[in-house]
Q: 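Provided herewith is a single structure, encoded as structure tokens, for subsequent inquiry.
All figures in this text were calculated on a predicted structure; none of them were measured in a lab. Count residues from 1 along the sequence.
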Amino acid sequence: MPLDAVQTNTLKGLGRFLVNSGLLTAEVAAQAMEAAQKAGLPLLSHLVNDGTLNAREVAVLAQQEFGLPLLDLDALNRENLPLNLVDQELIEKHRLVPIFRRGQRLFLATSDPTNQDGIKEFQFHTGLSIETILVEEDKLARLFEEISEAQDNALDMDLDEDLDKLDFDVGEEEEAKEDSNQEVDEAPVVRYVNKILIDAIKSGTSDIHFEPYEKSFRIRFRQDGMLYEKASPPVNIAHRISSRLKVMARMNIAERRVPQDGRIKLKVSKRQAIDFRVNTCPTVYGEKVVLRILDSSAAKVGIDALGFEEDQKELFLKAIHRPYGMILVTGPTGSGKTVSLYTALNILNKPEVNISTAEDPVEIQVEGINQVNINTATGLTFAEALRAFLRQDPDIIMVGEIRDLETGEIAVKAAQTGHLVLSTLHTNDAPQTLTRLANMGIPPYNIASSVNLIMAQRLARRLCERCKTPEELPRAALLEEGFTEKEVDQGLTIYKPVGCDKCTNGYKGRVGVFEILPVTDAIGQLIMEEGNAIQLKELALKEGYYYDLRTAGLMKVKAGITSLEEINRITKD
């Protein structure tokens with residue numbers, strides 16, 4: 001049998017149809033499927049986006065092959081789409097859009113007529129007979145954007161409409177109140193707290209701090225990694241605000257002497273809910289309450305949005321697709337380690353793979369991944385969870401953090417016995433991570449044989465594209481900062497923040513700055529010889545594939561993504 005025929009037989013679904021139709025060779029189809037999977041895109045979207053295929057041509061051929069009607073989406077009235085029949089997640093997952101309903105028949109728009117799994121799932125969830133209609137991929141992609149934008153606009157309107165009628169899943173609130181007669185008096189507090197939470201969601205805040213002092217009470221938002229004061233309500237309502245938050249989080253409001261943990265769920269719509277992780281801590285002048293806004297969509301941004309340089313992305317993807325070994329991510333609290341790990345898990349999350357995670361606590365909930373909340377009070381430690389995972393036929397294990405020798409030894413054993421293990425440590429850079437494992441008591445030969453790759457990371461604030469402006473610095477200052485003479489002499493342009501109504505002090509969003517160290521044979525040999533972090537760094541630099549966080553940060557400055565001031569903030573000692 002010819003090689004091309006063998007390759008075609010290994011293809012399935014849309015890829016096979018495109019090859020059989022003569023639009024692609026089997027080799028190109030296989031490469032495109034792999035590239036689309038890495039980019040987190042459907043195959044047809046990837047092929048149309050990069051210009052390999054024409055959307056109209058594919059739709060016409062599919063119409064002839066499958067005998068389905070072909071519809072021009074531009075002629076469709078968007079306002080009458082029956083989107084409420086299924087969850088938005090189901091629509092996005094299968095790229096099938098309900099366009100109209102006739103009695104017990106539901107008509108779905110699709111650019112991929114081979115998507116039988118999606119059709120069956122729609123049939124199961126709706127109980128209706130499904131009819132598919134072909135549409136062009138580029139027009140379908142625009143329709144998805146319009147649906148998403150319309151939902152965002154509706155969300156903004158809903159959140160502004162009636163603050164005291166927002167649907168918080170707070171249980172039996174009346175049972176938690178100290179005095180039910182206060183209900184009318186507390187209505188302004190309820191409304192005020194709701195507004196603070198909504199403002200935080202809409203402004204992209206990650207944490208909300210409610211802080212009582214002797215003569216003042218302040219509320220601060222953490223935006224793009226920096227804290228900003230948002231409000232200063234009267235100090236005499238501090239207790240009422242903390243009590244309201246504790247009621248919402250299902251805490252004991254009578255207990256003010258010990259820290260408490262809880263969770264709040266805000267139901268924005270039938271399809272969308274936002275979670276807050278809540279912690280209280282008794283201070284001299286009352287309870288400080290901090291809310292972490294848990295954003296599950298953060299883990300679905302795709303690997304290209306993290307901020308990797310191209311060579312770093314290749315090293316990372318190569319490491320996570322290895323069948324066994326350990327990948328370690330290091331950096332301070334709030335440096336994006338969890339998002340990086342979950343980006344990898346989303347790439348690896350397939351029906352044929354068993355993935356288990358142990359975290360303290362689980363912040364990002366993902367369907368298809370078995371997630372365990374660590375609870376030391378009941379004896380469920382990282383080490384205990386790892387032992388349980390190894391008895392449950394795992395393929396991939398993610399450990400929230402390696403904190404002690406016991407957890408480290410079990411993780412190393414798992415990596416050596418055919419499992420891919422992902423975890424985090426708290427060190428300043430990648431080479432120090434290797435010596436930290438050794439200092440824990442893990443033998444050097446176990447480290448060298450189990451660790452595949454180490455990634456140190458920080459998060460830098462992105463410059464606002466609307467208002468950033470070039471910054472003039474003397475040549476000597478640029479050289480002192482770490483730029484090379486060649487870079488400076490070629491006309492280096494760097495930018496500084498200004499500030500406008502679309503950003504916060506000249507910055508909007510954040511981007512990762514990465515230092516990636518693959519454990520090569522030479523690095524492994526030096527680990528066996530008990531080399532220190534300085535020696536490991538020197539060897540990695542000599543091998544030529546490694547550059548440190550400072551260098552990676554300067555590359556972001558050179559590209560105009562962030563400012564020199566910001567890179568100095570996160571990388572300079």
Q: Give every donor-acceptor pair under 3.5 Å between a side-chain atom in residues 451-458 and any protein atom, sequence neighbours left out.
A:
| unit_1 | atom_1 | unit_2 | atom_2 | d |
| --- | --- | --- | --- | --- |
| N452 | ND2 | Y324 | O | 2.9 |
| Q457 | OE1 | S340 | OG | 2.8 |
| Q457 | NE2 | S335 | O | 2.7 |
| Q457 | NE2 | G336 | O | 3.1 |
| Q457 | NE2 | S340 | OG | 3.3 |
| R458 | NH2 | N428 | O | 2.8 |

Q: Give me the atom names and distance for the closest heavy-atom approach of A385 to I374.
A: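 What the structure gives for the nearest pair is CB-CD1, 4.1 Å.
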Q: With a 4.5 Å limit on heavy-atom distance, are the side chains of K313 and E310 in contact?
A: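 K313 reaches E310 side chain to side chain.
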Q: Check the pair I355 / M398 against side chain to side chain contact (heavy atoms under 4.5 Å, CB included), numbers first and verdict last.
A: CA-CA 8 Å; I355 303 176; M398 198 266 272; 5.8 Å; no
Q: Nearest 0.5 Å, please: how far is OH in Y546 from CD1 in I523?
A: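 Between I523 CD1 and Y546 OH, I get 9.0 Å after rounding to 0.5 Å.
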Q: Please enumerate all residues that pass side chain to side chain donor-acceptor pair (under 3.5 Å) together with D261, with sequence neighbours excluded.
A: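 Partners of D261 under the side chain to side chain donor-acceptor pair (under 3.5 Å) test: N279.
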Q: Any idea which heavy atoms bring F316 and A344 closest together, and the distance?
A: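 Looking at all heavy atoms of both residues, the closest pair is CZ-CB, 3.8 Å.
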Q: For the backbone of D395 and the side chain of N354, can you confirm whether one donor and one acceptor N or O come within less than 3.5 Å of each other?
A: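 Not at all, since once roles are kept as given, no pair shorter than 3.5 Å links the two residues.
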Q: Please confirm whether the backbone N or O of R461 pairs with a side-chain atom of D224, one donor and one acceptor, at under 3.5 Å?
A: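 Such a contact is absent between D224 side chain and R461 backbone.
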Q: Using ring pair (Phe, Tyr, Trp, His ring centres under 6.0 Å) as the criterion, list what pairs up with Y545, not counting sequence neighbours.
A: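 So Y545 forms no ring pair (Phe, Tyr, Trp, His ring centres under 6.0 Å) with any residue.
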Q: Kindly indicate whether the side chain of V557, heavy atoms from C-beta on, has any atom under 4.5 Å from the side chain of F483.
A: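 Of all side-chain heavy-atom pairs linking F483 with V557, at least one is under 4.5 Å.
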Q: Quick test of your reading: applying side chain to side chain donor-acceptor pair (under 3.5 Å), list the pairs with at least one residue in residues 372-385, sequence neighbours left out, ordered by first then second residue.
A: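 Sorted pair list: E384-R387.
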Q: For the backbone of G307 and the side chain of K556, can you confirm whether one donor and one acceptor N or O come within less than 3.5 Å of each other?
A: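 At least one qualifying donor-acceptor pair exists.
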Q: Does the distance from a Lys or Arg side-chain N to an Asp or Glu carboxylate O, for E121 and K93, drop under 4.0 Å?
A: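 Yes.
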Q: State which residues pass salt bridge (Lys or Arg N to Asp or Glu O under 4.0 Å) with E565; sequence neighbours excluded, sorted by chain then number.
A: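 If we apply the salt bridge (Lys or Arg N to Asp or Glu O under 4.0 Å) test to E565, skipping adjacent residues, there are no hits.
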Q: Output every pair passing salt bridge (Lys or Arg N to Asp or Glu O under 4.0 Å) with a member in residues 543-552, not counting sequence neighbours, ordered by first then second residue.
A: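 As it turns out, the salt bridge (Lys or Arg N to Asp or Glu O under 4.0 Å) pairs with a partner in residues 543-552, which skip direct neighbours, are E481-R550, K537-D548.
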Q: State, with a plain yes or no, whether a side-chain heavy atom of L328 is found less than 4.5 Å away from one of I402.
A: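 Yes, close enough: below the 4.5 Å cut-off.
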Q: State which residues pass side chain to side chain donor-acceptor pair (under 3.5 Å) with E529; sequence neighbours excluded, sorted by chain then number.
A: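 Testing E529 for side chain to side chain donor-acceptor pair (under 3.5 Å), a comparison that skips the adjacent residues, returns Q525.
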Q: Could you measure the distance from the CZ atom of F514 to the CG atom of L459? Nearest 0.5 Å is fine.
A: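 One finds 7.5 Å between CZ of F514 and CG of L459.
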Q: When you compare the side chain of Q416 with that of S449, does any pair of heavy atoms fall below 4.5 Å?
A: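 They are in contact (side-chain heavy atoms under 4.5 Å apart), so the answer is yes.
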Q: List for me each residue that meets salt bridge (Lys or Arg N to Asp or Glu O under 4.0 Å) alongside D138, sequence neighbours excluded, and say none if there are none.
A: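 Not a single residue meets the salt bridge (Lys or Arg N to Asp or Glu O under 4.0 Å) criterion with D138.
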Q: Is there a side-chain contact between T433 and L517 (heavy atoms, below 4.5 Å)?
A: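 Sidechains of L517 and T433: no contact.
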Q: Using the side-chain contact (heavy atoms from CB on, under 4.5 Å) rule, pick out the option among D275, V362, I274 that qualifies with L294.
A: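 Among D275, V362, I274, the one that satisfies the side-chain contact (heavy atoms from CB on, under 4.5 Å) with L294 is D275.
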Q: Taking only residues two or more places apart in sequence or in another chain, which ones pass side chain to side chain donor-acceptor pair (under 3.5 Å) with N54?
A: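 Partners of N54 under the side chain to side chain donor-acceptor pair (under 3.5 Å) test: none.
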Q: With distance as the sole test, does N115 use its side chain to make a donor-acceptor pair with the main-chain N or O of H94 at under 3.5 Å?
A: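 Answer holds: yes.
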Q: Checking E515 side chain against A430 main chain: does a donor-acceptor pair fall under 3.5 Å?
A: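 A pair under 3.5 Å: yes.
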Q: Within a 6.0 Å radius of atom CG on L227, are there more than 12 heavy atoms belonging to other residues, nucleotides or ligands?
A: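 Atom CG in L227 is packed in, count exceeds 12.
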Q: In the structure I gave you, are the side-chain heavy atoms of E309 and Y547 within less than 4.5 Å of one another anywhere?
A: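 Yes, their side chains come closer than 4.5 Å.
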Q: Under the 3.5 angstrom rule, does the side chain of N346 hit a backbone N or O of Y342 as a donor-acceptor pair?
A: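 Pair found, side chain donor or acceptor close to backbone of Y342.
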Q: Do the side-chain N and O atoms of D112 and T110 include a donor-acceptor pair separated by under 3.5 angstrom?
A: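 The criterion, which ignores hydrogens and geometry beyond distance, is not satisfied for T110 and D112.
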Q: Within the structure provided, determine whether V329 and L341 are in side-chain contact (heavy-atom separation under 4.5 Å).
A: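 Side chain of V329 against side chain of L341, heavy atoms only: contact under 4.5 Å found.
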Q: Side chain of T280, backbone of Q260: donor and acceptor closer than 3.5 Å?
A: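 Indeed, once roles are kept as given, a pair shorter than 3.5 Å links the two residues.
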Q: What pairs with T562 under side chain to side chain donor-acceptor pair (under 3.5 Å), at least two apart in sequence or on another chain?
A: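 Not a single residue meets the side chain to side chain donor-acceptor pair (under 3.5 Å) criterion with T562.
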Q: Any sub-3.5 Å donor-acceptor pair from H419's side-chain atoms to G325's backbone N or O?
A: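 Answer holds: no.
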Q: How many angstroms lie between atom CZ of R95 and atom CG of L90, to the nearest 0.5 angstrom?
A: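 Reported to 0.5 Å precision, the distance equals 14.0 Å.
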Q: Taking all non-hydrogen atoms of both residues, which atom of I570 and which atom of V513 are closest, and how far apart?
A: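 Scanning both residues, the minimum pair turns out to be CD1-CG2, 4.1 Å.
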Q: Minimum heavy-atom separation for G262 to M251, with atom names?
A: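 Between these two residues, the closest heavy atoms are N-CE, 3.2 Å.
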Q: Test side chain to side chain contact (heavy atoms under 4.5 Å, CB included) on N532 and Q535; report intermediate values, then the result.
A: CA-CA 5 Å; N532 58 37; Q535 293 171 318; 3.3 Å; yes
Q: Given the rule in the side chain to side chain contact (heavy atoms under 4.5 Å, CB included) test, do V399 and I410 qualify, once you have shown the distances and angles that lead to the verdict?
A: CA-CA 11 Å; V399 188; I410 301 170; over 6 Å; no
Q: Quick check: do L405 and I442 have side-chain heavy atoms less than 4.5 Å from each other?
A: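 Of all side-chain heavy-atom pairs linking I442 with L405, at least one is under 4.5 Å.
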Q: Can you name the side-chain contact (heavy atoms from CB on, under 4.5 Å) partners of A200, sequence neighbours left out?
A: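 Partners of A200 under the side-chain contact (heavy atoms from CB on, under 4.5 Å) test: T205, I208, F221, I293.
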Q: Quick test of your reading of the model: are R403 and D360 salt-bridged, counting only N-O distances below 4.0 Å?
A: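 So R403 pairs with D360 through a salt bridge.
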Q: Can you list everything that forms a salt bridge (Lys or Arg N to Asp or Glu O under 4.0 Å) with R222? Sequence neighbours excluded, please.
A: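 Applying salt bridge (Lys or Arg N to Asp or Glu O under 4.0 Å) to R222 gives none.
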Q: Drop me the distance from T427's OG1 to D429's CG, to the nearest 0.5 angstrom.
A: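 Rounded to the nearest 0.5 Å, the OG1-CG separation comes out at 6.5 Å.
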Q: Could you tell me whether a side-chain N or O of S450 sits under 3.5 Å from a main-chain N or O of A415, the two making a donor and an acceptor?
A: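 Not confirmed, S450 side chain does not pair with A415 backbone.
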Q: Taking E566 for the side chain and S563 for the main chain, is one N or O donor matched with an acceptor at less than 3.5 Å?
A: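 Answer holds: no.
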Q: What are the two closest non-hydrogen atoms of A552 and Q312, and how far apart are they?
A: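 Smallest heavy-atom distance, with atoms named: CB-NE2, 4.4 Å.
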Q: Grab the two heavy atoms, one from L425 and one from T330, that are nearest each other, plus how far apart they are.
A: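 Here L425 and T330 meet closest at O-OG1, 3.1 Å.
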Q: Can you tell me how far the CD1 atom of I397 sits from the CG atom of L345, to the nearest 0.5 Å?
A: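 These two atoms lie 11.5 Å from each other.
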